[in-house]
Amino acid sequence: MDSKFQPSLFEKPLYDGWEKTILAHERRGRPYTILMPPPNANASLHAGHGMYVIDDLMIRYKLMTGWAALWVPGMDHAGFETQYVYEKNLAKQGKSRLDFDRQTLFANIYQFVKDNSGLIYQQFKRLGFLAQWSRSVFTLDQPVLDAVFATFVKMEQEKYVYRSDYIVNYCTHCGTSLSELEVDHVERTDPLYYIKYGPFVLATVRPETKFGDTALAVHPRDKRYQKWVGKEIEAAGLLGKFRIKVIADTYVDPEFGTGVVKITPAHDHNDFAVGQRHHLEIKSVIDFSGRLNHRAGPYAGLKVKQARGRVADDLKRAGLLEKVDEHYQHSVTVCYKCRRDLEPMVVPNWFIKVDKLKQPVLAAVKAKAVEFHPRRYVKQMNQWLKTMHDWPISRQIVWGIRIPAWYNVDQNPDLYVVFLDREKKQQQGTIKRLLQQHDLAEIKAGLQKLMADKAARYVVNVSCPGERFLQETDTFDTWFSSGQWPLVTLKKTEYQTRYPTDMLGTLSDILPFWVSRMMMFSLYLRHQVPFKHVYLWSMVADAQGQKMSKSKGNVINPITLVDRYGADAFRAALIFGTSAGSKVNLAEDRVRGMRNFANKVWNIGRFLNLNTQRTAADDQSKATGAASTKIMKKLEREFNEEKQKYGRAMDSYQFARALGQVYQFIWHRLADYYVEQLKAALQHGNIEVQEKLTAVYLANLQMLHPFMPFVTEAVWQVFKGKHASILNSQF
RNA sequence: GGCCGCUUAGCUCAGUGGCUAGAGCGUCUGAUUUACAUUCAGUAGGUCGGGGGUUCAAAUCCCUCAGCGGCCACCA
């Protein structure tokens with residue numbers, strides 16, 4: 001044995017050995033199952049992934065305590081994330097998603113993901129993770145698609161599915177809706193118009209949307225307007241007199257403008273939310289091409305900006321414009337691509353009714369069918385579940401599982417369609433109009449997106465129900481498929497023996513998105529919870545406790561640390577002294593400290609190994625006997641106590657405590673005290689002492705193994721032979 | 001704005017009503033031809049954020065004040 005433990009000499013061969021001896025063979029024993037939270041398929045390892053160590057240490061601990069432990073890995077297509085990354089790549093080539101029809105775009109992204117997806121498992125292996133790689137499941141694999149479709153069809157039949165309005169950022173120039181991540185915010189100075197509205201004056205930057213107003217709002221505690229709340233007022237407008245009701249909502253800032261706001265639910269995010277709260281009518285006045293529609297009377301057909309000027313001029317002429325503040329500064333959201341103003345627009349979306357679905361989840365949490373570690377998350381979970389509204393499951397992106405709903409083009413002449421024609425020129429409009437110049441096959445081939453009114457007639461079916469149908473272009477929210485993760489990862493027979501699975505480890509911030517949905521789907525489809533324990537990982541932060549982010553430049557690459565200090569040191573640094581569901585500061589000092597510990601472990605082994613090769617010299621053996629016996633008894637007592645505490649900590653998910661226990665015992669009791677006290681006896685070849693120390697040491701290697709698998713296995717093989725594995729030992 | 005946390009040694013943090021409140025890193029003093037300098041023995045360093053309460057007993061439970069952080073705000 002070298003005088004130092006050198007991780008780089010051992011890690012690869014030891015891992016290869018585990019793949020052959022552990023992963024390649026079916027285990028016997030009571031089933032213990034963990035499903036790996038699928039990382040993004042195109043991702044590479046970041047420090048946060050280090051927390052998968054929790055899963056791995058449980059797998060190893062269970063393997064060594066007689067369980068048939070199984071860890072099933074997988075990858076998520078991560079809809080929006082991935083498409084966004086891909087599009088950034090496209091942008092470097094001067095292209096965008098709008099240059100492709102959706103089939104081609106999907107195929108290209110698929111290839112992109114495939115090219116990038118091998119890396120993260122390689123990196124997981126460097127950290128020592130013992131998952132059944134051969135069983136990896138990808139969320140776009142056919143069996144997953146089948147399951148997701150079947151679920152949707154069942155939900156549709158059982159009336160959990162409906163279509164309703166949802167407000168999105170829409171670029172009328174690019175013909176697409178955009179998510180939060182692809183909009184830019186710019187500061188700009190625009191005129192703020194003060195418009196007379198019956199007895200009120202109100203301030204707005206968007207007079208052209210007034211045809212879509214369905215209420216006026218004031219702050220509930222604003223004394224100036226209290227007498228109007230709940231009443232309808234009459235006002236003169238450009239299209240004649242009209243009546244509109246006054247509501248009170250705390251969203252209104254009484255300090256801003258005049259304290260009165262017009263509410264246009266169809267064209268403003270905040271107004272939409274207010275509209276939902278007060279059940280206001282949604283009146284769209286702008287169409288998908290960015291022009292005003294029939295509700296705008298004489299302004300119909302004008303583009304938004306033109307209309308704004310014309311409306312303002314006409315209001316002034318009619319004496320309805322009190323004043324204009326030309327220097328109003330505000331923030332405007334614009335398209336990341338064409339930089340034009342985005343139009344918040346109401347687009348019909350697919351929804352899942354959650355009221356009935358979430359009840360069994362609440363009940364299961366209450367009955368402790370699922371336990372949370374740490375426990376405080378039960379409270380959060382309940383809070384989230386109670387306030388959870390219906391779930392909008394459609395996403396206006398290509399990279400995902402396309403919703404299996406079909407629209408008959410003859411029955412739905414107003415379907416709004418965007419597609420690339422044979423010349424690769426983008427065309428858009430209602431299907432009725434487009435079919436006058438293009439045939440359906442051309443439209444199908446070049447289809448980019450379609451939008452169907454809430455009232456549109458549709459058929460839900462896994463495959464195309466007929467010639468004259470177009471499939472919905474929206475894809476499922478990623479959580480709709482990953483929410484069914486526990487239902488698609490095991491083999492059929494394993495659902496009898498391995499379900500509910502035993503532990504789910506994950507970050508607390510996706511508890512409401514993912515964990516609650518998995519429970520919901522599992523209880524809905526199998527009437528069982530998907531897992532018994534949820535362990536919340538800690539967020540991995542930098543040495544100062546700052547969240548890692550590219551913009552801060554404080555991102556730590558775990559592989560760099562593994563190269564420098566070894567996987568054991570990295571793993572232990574993440575666990576040592578950190579509690580569940582909080583934060584772990586990944587300071588290099590911590591990792592170095594754990595590297596020193598690994599070396600200590602190695603050297604105790606080296607010392608014992610050197611001395612057990614000597615044979616007993618009778619005299620000394622007897623001479624040291626009495627004193628040694630006393631110390632060995634003490635050692636025995638202390639070791640038993642340690643072992644008990646360790647077991648209790650492991651079984652109650654207190655991994656930091658378990659590791660701390662072993663660390664303290666190995667270093668400061670076994671090495672610093674007992675080995676020192678028994679050193680003379682050991683060196684003189686007292687066999688009893690040799691055996692006792694070796695036995696306690698080996699048992700500690702076993703306890704430490706889940707946390708520091710490499711050094712413990714390396715020393716184990718020195719004692720037990722090159723073909724032995726500590727994972728095949730039991731304790 | 002809503003929700004959840006945090007405040008304990010110089011730094012980063014454990015601490016689940018009950019021994020003299022702990023760890024890692026750092027400080028300072030000393031040891032050494034060593035299993036390991038990635039070492040060992042020792043040392044200093046704490047009004048457990050402030051105030052109040054419950055209790056035989058509070059870092060721990062309750063109230064309150066102050067400061068800090070996270071998540072969400074188009075599903076809370």
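To find a chain, count down the sequence lines: A is the first, B the second, and so on, and within it residues start at 1. Both backbone and side-chain heavy atoms feed into the values below; hydrogens, waters and symmetry mates do not.
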For [N], which nucleotide is its Watson-Crick or G-U wobble mate, given both distances must be under 3.5 Å?
N: A57(B); result: none
N: U12(B); result: A23(B)
N: C72(B); result: G1(B)
N: A41(B); result: U29(B)

Checklist entry - Can you find a donor-acceptor N/O pair under 3.5 angstrom joining the side chain of R517(A) to the base of C75(B)? => result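 Check passes, donor-acceptor contact within cut-off.
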
Next on the checklist: Between the base of A35(B) and the side chain of Q683(A), is there a donor and acceptor pair under 3.5 angstrom?
Outcome noted: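 Absent.
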
Next on the checklist: Here's a test of your reading of the structure: between V675(A) and N270(A), which maps to the more 5' nucleotide of RNA chain B?
Outcome noted: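 In this pair, the answer is V675(A).
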
With a 4.0 Å cutoff (strictly under), does any side-chain N or O of [X] reach OP1 or OP2 of [N]?
X: K4(A); N: A35(B); result: no
X: N585(A); N: C13(B); result: yes
X: H668(A); N: G24(B); result: yes

Next on the checklist: Please identify which of these residues, Q664(A), E642(A), E638(A), meets the side-chain hydrogen bond (donor to acceptor under 3.5 Å, both in side chains) condition with R669(A).
Outcome noted: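 Only one option passes, and that is E638(A).
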
Checklist entry - With rounding to whole Å, what would you report as the distance between U8(B) and G69(B) at their P atoms? => result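 About 15 Å, rounded to a whole number of Å.
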
